[in-house]
Amino acid sequence: MRSLLRLWLVAGFLAGAATAFGDASAAMSVQVKNGQIRATPSFLGKVVAPLSYGDRVQVLETRNDWMNVTGPGGQSGWVHSSALTKKKIVMSSGSQDVQTGASGDELALASKGFNSDVEADFKSKNKNVDFTWVDRMEKFKVSPQEMKEFLKDGGVKSSEGGAP
Amino acid sequence: MTSLKFQVSSFKFLALFAFLSLAVVSLVGCASVAGVVASAGQAAGVITPEQAESINKSAQAVEKTFQDITPEQEYYIGRSVAATVLVTYKPYDNKKANDYLNVLGQTLSQFGTKPETFGGYHFVLLDTDEINAFSAPGGLVMISRGMIRLCKNEDELAAVLAHEIGHVENQHGLRAIRKGRLTSALTTLALEAGKNLGGSELAQVTQAFEGSITDITGTMMNSGYARTTEFQADKSAVSIMTACGYNPAALVGMLQEMQKRWVPNGPGFGHTHPEPSVRIAEIQKQIGGASAAAEPSVRVNRFKEMMGGV
């Protein structure tokens, strides 16, 4: 009986240790092309510092879908969780494309996936497919300030993520 | 005494359960079919230990299927899907209208469950009278002029855009990729980890890529998503509109307009979407019988000014 109790306690301790370890390794990677650290946990919050794909950030606190982080340049602020991944993203030398760290559960697609090389190959095989407008579409960018004004001017009152 | 005995035995059971749970967790963590296959290949001398390791990793990825498509890869798939849609439907080059569409759409996208995608959300009008809208993975959204003309106001346009954002955040496009399509590509990629893809490997990956684009555009433009998929996008649209501050009843208003023009199996949405009345019934389960409220005049006027000529 006593040995079983001990076993149970050890099991509980191991489970606890695993959780603690998970919390301690709170470094995350930026998984979007252009990320932003914001002053407040809101998309309408002022941008404090830009983040690049693959940048590592230290998570200090999580509030709903927002994470309070310290960026590689030492700036602190808020990043939406959809811009971050626990996976480590490894830049491949001599290429703008990025490899995803291929280790155990951190693996997404080992190595290069569908990237600009594959897109170029696709283009060469499908000459009728024109990317001009896709590139133009990507240039349509709206700043947090414009969004804020658009909502305010139109009398649209957001229930969350509103003006800081 | 009996009850004490019961307590002791249930305690024993708990301890055993805790132990077994841990054992199972650690087993699941390392054993997999892929691992068995890779080690068998290595034992037979067919592949090197490094390749076996790669297969191990890639097959684990395959077992998790499309969920392992990274945001960057989703972005590249989305670009080619959008470019392919734009072969059939030409963009409508109207700066004022496209700018307004992007301010409204990008603002809405910030209130969804996936506000940040690799390349962000971008919107463009399509120069066609057909009533339709498409969203490519990652957030490239295309709306027909015919669809715009159906919108009576900004709230209804917000409803259309929020529905398309719903498809993006739920990754409906990626889910349309035929099962098994990515398996060969993933294996090739794993074997080539850390190297530039050679001609034949690149060709193989491109083939899987092309196939994926065909699967997605075919579903979006011809066969349509499953009814439940459309219901899910409507559900997301209601959440996004509510969070952003638009009245979700505008989605019902929009669908009522679509119902008036509903031709089963007709071109555009008649071919690819469930009947609007069915969608309305589903949405009303979520929002009740809420009705559209009058919009402030600024909103009415800016919609007219920006979209009136479309």
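Here is the naming used below: chain letters follow the sequence lines, and residue numbers restart at 1 for every chain.
Contact record, A:Phe43 with B:Glu116: CE2-OE2, 3.6 Å, taken as the closest heavy-atom pair. Of all the heavy atoms in A:Asn128 and B:Val87, the pair that sits closest is O-CG2, 3.6 Å. The two atoms that bring A:Met147 and B:Gln110 nearest to each other are SD-CG, 3.7 Å, heavy atoms only. When all heavy atoms of B:Thr84 and A:Val129 are compared, the closest pair comes out as N-CG1, 4.0 Å. When every heavy atom of A:Phe131 is checked against every heavy atom of B:Ser80, the shortest pair comes out as CZ-OG, 3.4 Å. Scanning both residues, A:Gly154 and B:Pro296, for their nearest heavy atoms gives O-CG, 3.6 Å.
Within the 4.5 Å cutoff, no side-chain heavy atoms of A:Val32 are placed close to those of B:Thr117. For the pair A:Asn115 and B:Gln73, the minimum side-chain heavy-atom distance is 4.5 Å or more. Between A:Asp130 and B:Leu86 the shortest side-chain heavy-atom distance does not fall below 4.5 Å.
Both the backbone and the side chain of B:Leu140 come within contact range of chain A, judged by heavy atoms closer than 4.5 Å. Only the backbone of B:Phe123 comes within contact range of chain A, with heavy atoms under 4.5 Å apart. Only the backbone of B:Thr113 comes within less than 4.5 Å of a heavy atom of chain A; no side-chain atom from C-beta onward does. Heavy-atom distances place the backbone of B:Val141, and not its side chain, under 4.5 Å from chain A.
Taking 4.5 Å as the heavy-atom cut-off, the residues of residues 65-83 of chain A that approach chain B are A:His80, A:Ser82, A:Ala83, ordered by number.
Between chain A and the options B:Glu210, B:Glu154, B:Arg302, B:Glu295, the largest number of non-hydrogen pairs under 4.5 Å is found for B:Arg302. Ranked by non-hydrogen atom pairs under 4.5 Å with chain A, the options B:Ile213, B:Asp99, B:Asp155, B:Thr206 are led by B:Thr206. Among B:Gly119, B:Ala158, B:Pro115, the residue with the largest count of heavy-atom pairs under 4.5 Å with chain A is B:Pro115. Interface check for chain B: of the options A:Arg136, A:Gln36, A:Lys123, the most heavy-atom pairs under 4.5 Å are formed by A:Arg136. Between chain A and the options B:Pro91, B:Gly120, B:Gly78, the largest number of non-hydrogen pairs under 4.5 Å is found for B:Pro91.
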- Task: Using the side chain to side chain contact (heavy atoms under 4.5 Å, CB included) rule, take A:Gln31 and B:Thr70 through it: C-alpha gap first, then chi angles, then the decisive distance, then the call.
- Result: CA-CA 8 Å; A:Gln31 61 171 352; B:Thr70 65; over 6 Å; no
- For side chain to side chain contact (heavy atoms under 4.5 Å, CB included), just list the numbers for A:Leu151 and B:Thr107, CA-CA rounded to whole Å, side-chain angles, deciding distance to a tenth of an Å, and then say yes or no. CA-CA 8 Å; A:Leu151 291 176; B:Thr107 304; 3.8 Å; yes
- Decide yes or no on side chain to side chain contact (heavy atoms under 4.5 Å, CB included) for B:Asp93 and A:Trp133, but give the supporting numbers first. CA-CA 10 Å; B:Asp93 194 358; A:Trp133 264 93; 3.7 Å; yes
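The environment of CD in B:Gln207 is sparse: at most 12 heavy-atom neighbours from other residues, nucleotides or ligands sit within 6.0 Å. A 6.0 Å sphere centred on NZ of B:Lys304 holds no more than 12 heavy atoms belonging to other residues, nucleotides or ligands.
Looking at B:Val103, B:Asn102, B:Leu101 one by one, the single match for side-chain contact (heavy atoms from CB on, under 4.5 Å) with A:Phe140 turns out to be B:Asn102.
Ring pair A:Phe122/B:Tyr76: centre-to-centre distance not below 6.0 Å.
Evaluation of the salt bridge (Lys or Arg N to Asp or Glu O under 4.0 Å) test over residues 78-90 of chain B, restricted to residues two or more places apart or in two chains, returns A:Glu119-B:Arg79, A:Asp135-B:Arg79, A:Glu138-B:Arg79.
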